[in-house]
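First the proteins, then the strands, lettered A, B, ... as listed; each starts at 1.
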There are 2 protein chains.
Amino acid sequence: MSEARQYHHGDLHAAILERATRVIEQEGIEALSLRGIARDLGVSHAAPNRHFRTKADLLSTLARVGWEQITEATLRAAEEVLPNDAHHRLNAMGQGFLKWALKNRSMFAAVTHPDVERHADAELRQAIDEFQQSVRDAVVACQQAGRLSNLDPAIATLYTNSVPFGLAMSLKNPLFGTDLSDRDIDELVADLIELVVPTAEPDS
Amino acid sequence: MSEARQYHHGDLHAAILERATRVIEQEGIEALSLRGIARDLGVSHAAPNRHFRTKADLLSTLARVGWEQITEATLRAAEEVLPNDAHHRLNAMGQGFLKWALKNRSMFAAVTHPDVERHADAELRQAIDEFQQSVRDAVVACQQAGRLSNLDPAIATLYTNSVPFGLAMSLKNPLFGTDLSDRDIDELVADLIELVVPTAEPDS
DNA sequence: AGAGTTTTGTTGACACCGTCTACATTGGCA
DNA sequence: TGCCAATGTAGACGGTGTCAACAAAACTCT
């Protein structure tokens, strides 16, 4: 009952997603193809169609999973930080995001893939909104605690949201040959996010 | 001698680039195809091959042009700003970048396209390096003028470089439904970049 | 338990794409 | 003027996404 090929795969849906992330990791997101995945999984070329009607659908699902992981990773980072005041929490969220992006390159690639924004379905939108909302909450808490309080929350959120995003894109792009390879990742991340959300008391 | 189809197009190379940016603008970068462009230009399907051996080659060229435009736009912004001290220059560069990205969406899409980083040729790398260097120069000048002077220049450059990048990605992505549509673009850009490179004197 | 229905996978087809090769036309240069 | 390199064409190949028709298994209901 083990290696005999069965007509029904068992859980092809999950297998496709898993294989897709592997392919992206190893060969880049441009090499992703439904037929290729089907081949790798030993299943007919049209089988994935039952689970993802279009390729954009697969990308979209990957992106949704990615955003859910982002939300989870940032919120967990926020809870674990000490001291657990508003500024340290927001700072930790930034660090959590950046570390996640550097560790999960294939998912981050899916999240930022240009094809995704066209065919985004409701679930993906909701996953994004959820994350945005959590950032917004943290920003507002930060403002109430005194820092950045003169800013429009929408702008502060956009800023806080975008900066780790841009940092992740730059760090992962080999063309931006910023030579920081000798640095400790955690320290680098901490230094960078400190520029965005300072935890140190401002000089007086 | 005007509308009669000639065997030789005249300047197919430039025509392809121009048509490509139009397609990206109107149908998205995922809809870009060499055959489609050839069709639009009334030329045989393999004609573009003479000018761009592969599709990645076309993307790469678009990206290079994009980076050249970025360098030009940021440096011009830096020269035009008043007062023309180091901080205002760096701030103006950030604003210049962001405005360029919002105005030239198709080029920005090419610059950030995932396929580009794989098959980047020497020219593209040089164009990127040139921009990075100009940012680095501006950052160092800024540090010498007193602000941010305790930072590793590599980190400061990475930060200054990445932030407008992330902001541009967020602002252009319709999924990040940051509702800022009622705002004046110039004012929004100014407010955002002020968070990155403050021109106002720090509170004392 | 067994029949009917829904889900899942297969096969084959279609149109499109990128890219290669062989050939045709042209423009420029010796 | 005649040759050659540059440019465009025609055709082919393998690859891809996606659809429709069919087959097998799983599920459901009595």
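Rounded to an integer number of Å, the gap from B:E27 CD to C:dC17 P is 11 Å. Put simply, CZ on A:R53 is 17 Å from C1' on C:dG9, counting in whole angstrom units. Per the geometry, CD belonging to B:E30 stands 15 Å off C1' belonging to D:dT16, to the nearest Å. B:L58 has its CG atom 14 Å from the C1' atom of C:dC17, to the nearest Å. Taking atom NZ on A:K55 and atom C1' on D:dG15, their separation rounds to 12 Å, with Å as the unit. If you measure from atom CZ of A:F52 to atom C1' of D:dC19, you get 18 Å, rounded to the nearest angstrom. In this structure, CG of B:L41 is placed 11 Å from P of D:dT9, rounded to the nearest angstrom. Atom CG of A:N49 and atom C1' of D:dG17 are 8 Å apart (whole Å).
Counting only heavy atoms from C-beta on, B:S33 has its side chain closest to C:dG18 among C:dC16, C:dG18, D:dA21. Side chain of B:L34, nearest nucleotide from D:dT16, D:dT18, C:dG18: C:dG18. Closest approach to the B:R50 side chain among C:dT8, C:dC20, D:dG8 is made by D:dG8 (side chain taken as heavy atoms from C-beta onward). Closest to the A:R39 side chain, of the nucleotides C:dT19, C:dG9, D:dG15, is D:dG15. Of all nucleotides listed (D:dG8, C:dT19, C:dT10), C:dT19 comes nearest to the side chain of B:T54.
Side chain of A:Q143 to backbone of A:L151: a donor-acceptor contact under 3.5 angstrom is found. Although no hydrogens or angles enter the test, the distance criterion places no donor-acceptor pair under 3.5 Å between the side chain of B:N104 and the main chain of B:M107. Of the possible donor and acceptor atoms, one in the side chain of B:N84 sits under 3.5 Å from a partner among the backbone N and O of B:A78. Panel note: side chain A:D57, backbone A:R53; a donor-acceptor pair is recorded below 3.5 Å.
Across all strands shown, B:H51 has heavy atoms under 4.0 Å from sugar-phosphate atoms exclusively, and none from any base.
Within a 6.0 Å sphere centred on CD of B:Q126, other residues, nucleotides and ligands contribute 12 heavy atoms or fewer.
Where A:A46 and A:G36 meet DNA chain D, the nucleotide closest to each residue was compared, and A:G36 sits on the side nearer the 5' end.
Applying the 3.5 Å distance criterion, the base of D:dG8 shares no donor-acceptor pair with the side chain of B:H45. A donor-acceptor contact under 3.5 Å is formed by the side chain of A:R35 with the base of D:dG17.
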